[in-house]
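Computation of the quantities below employed the complete heavy-atom set of this structure, encompassing side-chain atoms and omitting hydrogens, waters and symmetry-equivalent molecules. Protein chains get the first letters and strands the later ones, always in sequence-line order, with residue 1 at the start of each.
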Amino acid sequence: MSFDKVVARADFPALERSILKFWSDEGIFEKLRAKNRGRKKWSFLDGPITANNPMGVHHAWGRTYKDAFHRYFAMAGHDCRYQNGFDCQGLWVEIEVEKQLNLSTKADIERIGLDTFTEACKQRVHKYAAVQAEQSKRLGYWMDWDDSYFTMSDDNNYTIWSFLKKCHETGFLYKGTDVMPWSGRAGCAYSHMEIAEGRKLVAHTALFVRFAIRDRENEFLLVWTTTPWTLTSNVGAAVNGDLTYVKLRAKRDNALYYFAKDNLNHKRLDKEFKQGFGSQPWPKNVPKLKTLHQIFNEHGGYEIEGEVRGSELVGWTYDGPFDELPAQQQQGGFAAPMDLIPADQRGWASGRDGHRVIDPGKDSRGESYVVAGEGTGIVHSAPGCGDVDNKWGKKHEMVAIAPLGADGKFIEGFGPLTGKRATDKETVQEIIASLKDKGLLVAAEEYPHIYPHCWRTGDELVFRLVDEWYISMDWRDDIKKMAQRVNWMPASMRGMEREMDWLTTMKDWMISKKRYWGLALPIWECHKCGTFEVMGGRDELRERAVEGWAEFENQTPHRPYVDRVKIKCVCGEHISRIPDVGNPWLDAGIVAYSTTRYNTDREYWNEWVPADLITECFPGQFRNWFYAILAMSTMMELGKEKPRPPFKNLLGHALVLDENRQVMHKSDGTAIWFEEAAEQLGVDTMRWMYCAQPPTVDLPFGLRHPDEEITVQCADGGTITHTVDGDRLCRVTSKPADEVRRRVLMSIWNCYKFFCDYARIDNFDPTAEQVPVADRQDIDRWILSDLQLVVADVRGAFERYELAPVCHAIEEFLDNLSNWYIRRNRRRFWRGQSEGDADKLAAYQTLYQSLVTLTQLAAPVVPFLSDTIYRNLVANHVEGAPESVHLCDYPEPDETLIDRDLSDRMAALLKIISMARAARTNAKLKVRQPLAMIRVQPASDTERAAVELFKDHILEELNVKDVVVDDDLSSMCMVAIEGNMKLLGPAFGKNAGTVARALADVNAKATAEQIARGLSVEVKVGGETHIVEPAAIIVSKSYGDDWAGEEQVNTVVLLDKRITHELKLEGLARDIVRHVQTLRKEANLDLEDRITLSVRTDDDDLNEAARVCRDHIARETLAADIVHSSLEAAATSSVKIDGKTVEIELVRCQDDGLRTM
RNA sequence: GGGCUCAUAGCUCAGUUGGCAGAGCGCGUCGCUGAUAACGACGAGGUCCUAGGUUCAAGUCCUAGUGGGCCCA
């Protein structure tokens, strides 16, 4: 049985699909798991993928990493868990389900019922988990797909309950009232983690407004705001006591204005106007901002009447801009419900009665809150509408007036504004009109800035007074200690420093969200006595339940089911769960405990935690998953003698971008779906791209062409037109993928094809007795030695979790194998079977071993290509061999085969060959032209040995008749010298330059000889004599007309340029051979076909060459006969050699083709 | 506004204790080809962001500035 024939052009996607079928039919993955069961463990912890949409190619980078490491550690004999995770709960699912069910508000959701909504969310998660699993399988991602974890599972949720219980017991869980960024569309507040996701450049109508100072006739504070709706809730005005303020008299109405002196002529956003905001330009249609000088000048002119310190303004009172609103009259402030106002504030003066100037001082870093610059140096302060304002308000006893409801609209108490959306243009216009009526508007402008928006709905965020639940971060130092025990990779990402940054600056963790689909926060709160309790798990809740347990018992711990359970408060009340759901990063952060049976099988947890590795895309995760898993694990371990980190190594990687390094967007059709790339580029190609990419650098993947729909033809006759999710497949192009396929996959394929083509002809038997390595040629022993070195390198790189070096080591070996070993040894495979020599068998065995090992080495990265090759080379021919490459043991280096001297000599040979080729090119002597001689002056014993050992390779490769080693070619040289600044510098200091210039004037040849004898050189500069060490002088050489020279340091290669008549004829013969070979190929002849050849020309030299070198031509072209008359053959070609025309014809002989040497 | 970080060929990036500015890709010319759409040689392409400073010598160290990225306000 011989090897299967290998096609020239592999259809990689088709090949991958057939390997998938093989794996599935034969249960290869299950066999692998069985093989490793009970062996040393390699533990991986999966960061859950959001099960909300199909996978794109940007997900495939991380998943390729995960699979490649699993496959490596499995081949290296480790037992793995293979558990994939799906992230299931959170606003992103709600938003998609709302779209699906055509719901637009929270009221809509409540109308259809929370149970219906929750079930729809679960269904969506299951649907996309299945889609992603299918896509992942196509990627070759070997996971235990029946054992994926879901963050919505009971296990996961109840483990978070136990975590929250622990937070409560340690006193870190609390309810706080704060002003939070809020989305009216989503109806919930955002944590600081989420705000960063949704920042957008927009232009807002900003207003300069004046506040009338009480008890001073026609005098005003000038304030500025980008959020006009907050003026309704103004309570105070903040100044910086250390700033200088001007008193400006406007001529138009004789009014006196106070504002910071620096602001009069400050050019606001001048830099942004010229250069834009980062990568974004200044918005079109937004005019340049005016200075206050301009504004007052355009309004009739002004005079400066004096200056005053900010501290003098403090304590002044003024009339607010909306004092007519009922909300401004309410003692203690205004909010709905009034519960939001803490009891100790209920006696404070109303907004209207409390308007006054304060100095809020400095923040925790010692920076003043109020500075001159963008505004007026007087900050309008509304403690119910801003988080900083709220902080000042509490300190200065200024009440909070909270104007907005959950929908982002004005609540009752705001007169004509009630019911209107705060951020609508019309509402802003109405506020402006009101201010104009009251004579308070000084100027309005369009002001561009980067402002937070809802990261899912795109809704502009407002700030709203709410109560939310928090975990205090007073224990952040414990988390830091945990983070420091983890190995953050790659080191240049400085992951630990970035995590430390976040842990240092992050505020308390807001864990509640006023939504529906998510972790039910296990907090039961008593509205009568104000206490709250945390349930640590399902059992505890059952014991405490006094109502509703029966309704809940068979349900998952989600809304609305769990909301029905009441417990008894210490005060006797029957109390309910708070309606909030949890932050989704709680769901992902607990998985080091929830997925490893922490609460049910502690022994199992002990065995698998800490995980050896986690790996995710870097951007964002420092404040998300990395943070959550470290924080939650730290809490779970709090108080233990030896706190256990959740994982040992963390590997991050950058982003997948399009080929022009732009972010791909789903919305404009440029995001590449996984299937599109897989079926057009091939999964192995993609995997190699991901693995070879430096993890710190964004990967420019390719381009999707949304206008070009395509259909993929499958080998079984079927077609693929849509993704698993039903999207139409479109054309994807990728230059990086094309390069990888060409340079790596095709190169492997062609080595494999070369081997199979000849092995089939010769019926090579891989199980035949091995030719002892000692008896093989040096070049065989060299490639085998190189193979052991690459095995060691690749293993080391995998163990260090560095995939790029894995790929690069394999690529380098492949280059050596393909472009040197095979290239140099082709003739050993060509020659006739009848000779049946051990040397030929040695070549086969050497190449076979190289290919098989290479295939095993690359298997974790390109599992499909590897298995295809392995199965043809090994599984189908070697009895007892594993049926899949993935069931093999990973190769280990055989020390006895490593010969470093040989490697050094081969490197030296390659260097000399390369130098000689350069000399040929420079002398315009093409390789087909034989030359008489090459002289080599070796720079070392290694180079000398290389020339002697590989003499035949030099003769053949360079097409020369003889090679001579010559220790001293200096007699053939013309010599020039120059100083080596690296050594002259330290030796001569300031004079180094002068000495170097003086060297130009000395006798070069004499000096060079002196140096060769190891003697120093004397240089006279302006009457002073300097002694120059020989090493500090660089000698360079050139050669005469008969020789083409090339040199590197002490290595010299000289080619004899003199071409005799015989050499010339030989060169012409080789030209003829080459043209015949081309013609053979064009005529689609088989390698073994013999031909009758006709060569006709008028040129004497060519005729002579054809006659003299007749045997050579016949042997090389498998010509049985050479004639000089026309054959009337189909295969004919008219070519020019040396400018002379030659007619070539050939026909295939009918007799069976015995190959000749 | 603050912190960190980066700036080198058309693109992506190396550049070690300071010592002759590099690689890959792309481009051009030539060569090689009986596995290879492969490969080899050569070439064009540089204000090493700017300005000062230290030094015999700065892409490299120091200072200031400009611009980008990330994080935090």
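- Annotation: B:rG10 and B:rG46 have their P atoms spaced 6 Å apart (nearest Å).
- The pair A:Arg623-A:Glu499 does not meet the salt-bridge criterion, since no charged nitrogen lies less than 4.0 angstrom from a carboxylate oxygen.
- Atom name P, nucleotides B:rC4 and B:rC48: the rounded distance is 28 Å, in whole Å.
- For the C1' atom pair drawn from B:rG31 and B:rA14, the interatomic distance equals 29 Å after rounding to whole Å.
- A sub-4.0 Å separation between OP1 or OP2 of B:rA35 and a side-chain N or O of A:Arg826 is present.
- In terms of phosphate contacts, A:Ser914 brings a side-chain nitrogen or oxygen within less than 4.0 Å of OP1 or OP2 of B:rA41.
- As the counterpart of B:rA38, no nucleotide is assigned, since no Watson-Crick or G-U wobble pattern has both distances under 3.5 Å.
- Checking B:rU33, B:rC13, B:rC70 against the side-chain heavy atoms of A:Arg1070 singles out B:rU33 as nearest.
- Put simply, the side chain of A:Leu503 does not reach to within 4.5 Å of the side chain of A:Phe622, judged on heavy atoms.
- With a cut-off of 3.5 Å on both pairing distances, the Watson-Crick or G-U wobble partner of B:rG43 is B:rC27.
- We find that CG of A:Leu1079 is positioned 16 Å from P of B:rU33, with the value rounded to whole Å.
- Atom P of nucleotide B:rA35 and atom CG of A:Leu817 are separated by 14 Å, given to the nearest angstrom.
- For the P atoms, the distance linking B:rC61 with B:rA7 amounts to 10 Å, nearest Å.
- One finds no salt bridge joining A:Lys391 and A:Asp387 here, because no Lys/Arg side-chain nitrogen approaches an Asp/Glu carboxylate oxygen to under 4.0 Å.
- Residue A:Val6 is out of contact with every strand shown, counting any heavy-atom pair closer than 4.0 Å.
- Remark: P of B:rC25 and NE2 of A:His808 are 12 Å apart, rounded to the nearest angstrom.
- Of the listed nucleotides (B:rC32, B:rA73, B:rU36), B:rA73 has the atom at the smallest distance from the side chain of A:Lys507.
- A:Arg498 comes within 4.0 angstrom of sugar-phosphate atoms only, judged by non-hydrogen atoms across all strands, and of no base.
- The separation of B:rU63 from B:rC6, taken at their P atoms, amounts to 14 Å, rounded to a whole angstrom.
- One interatomic measurement links the two molecules: CE of A:Met746 to P of B:rU33, which rounds to 21 Å at whole-angstrom precision.
- Between the side chains of A:Glu811 and A:Trp688, at least one donor N or O lies within less than 3.5 Å of an accepting N or O.
- Aromatic ring orientation, A:Phe755 versus A:Phe3: perpendicular (interplanar angle above 60°, classes split at 30° and 60°).
- For the pair A:Arg743 and A:Val697, nearest-nucleotide mapping onto RNA chain B gives the more 5' position to A:Val697.
- If you check B:rC70 for Watson-Crick or wobble pairing at under 3.5 angstrom, you find it paired to B:rG3.
- Rounded to whole angstrom, the span from the CG atom of A:Asp738 across to the P atom of B:rU36 amounts to 20 Å.
- Within 4.0 Å of A:Glu739, counting heavy atoms only, lie sugar-phosphate atoms of the nucleic acid but no base atom.
- Closest to the side chain of A:Arg1074, out of B:rU33, B:rU36, B:rC72, is B:rU33.
- Base-pair partner of B:rC48: not found among the strands shown (Watson-Crick or G-U wobble, both distances under 3.5 Å).
- The base-pairing partner of B:rU33, taking Watson-Crick or G-U wobble contacts with both distances under 3.5 Å, does not exist among the strands shown.
- Using a cutoff of 4.0 Å between basic side-chain nitrogens and carboxylate oxygens, A:Asp762 and A:Lys840 are scored as salt-bridged.
- Following rounding to the nearest Å, A:Ile822 (CD1) and B:rG40 (C1') show an atom-to-atom distance of 17 Å.
- Rounded to whole Å, the C1' atom of B:rC32 lies 24 Å from the corresponding atom of B:rA23.
- Looking at A:Asp658 and A:Pro700, their side chains never come closer than 4.5 Å, going by heavy atoms from C-beta outward.
- The aromatic rings of A:Trp488 and A:Phe626 sit perpendicular, their planes meeting at an angle over 60°, well past the 30° parallel limit.
- Base pairing of B:rU17 is not made with any nucleotide, judged by Watson-Crick or G-U wobble geometry with both donor-acceptor distances under 3.5 Å.
- Taking only side-chain nitrogens and oxygens, A:Arg742 comes nearer than 4.0 Å to OP1 or OP2 of B:rA38.
- Residue A:Tyr758 has a polar side-chain atom (N or O) positioned under 4.0 Å from OP1 or OP2 of B:rA35.
- Within the 4.0 Å cut-off from OP1 or OP2 of B:rG40, not a single side-chain nitrogen or oxygen of A:Trp820 is found.
- Nucleotides of RNA chain B nearest to A:Asp698 and A:Thr1078 differ in position, and the one nearer the 5' end is that of A:Asp698.
- Using a 4.0 Å heavy-atom criterion, one finds that A:Thr1117 contacts the bases of the nucleic acid, with or without backbone contacts as well.
- Atom CZ of A:Arg928 and atom C1' of B:rC32 are 8 Å apart (whole Å).
- Across the C1' atoms, B:rG59 and B:rC49 are found 12 Å apart, a figure rounded to whole Å.
- The same atom, C1', is picked in B:rC42 and in B:rC56; the two are 36 Å apart, to the nearest Å.
- Side-chain nitrogen and oxygen atoms of A:Arg623 include at least one within less than 4.0 Å of the OP1 or OP2 phosphate oxygen of B:rC71.
- Between the CG atom of A:Leu699 and the P atom of B:rG24 there is a distance of 20 Å, given to the nearest Å.
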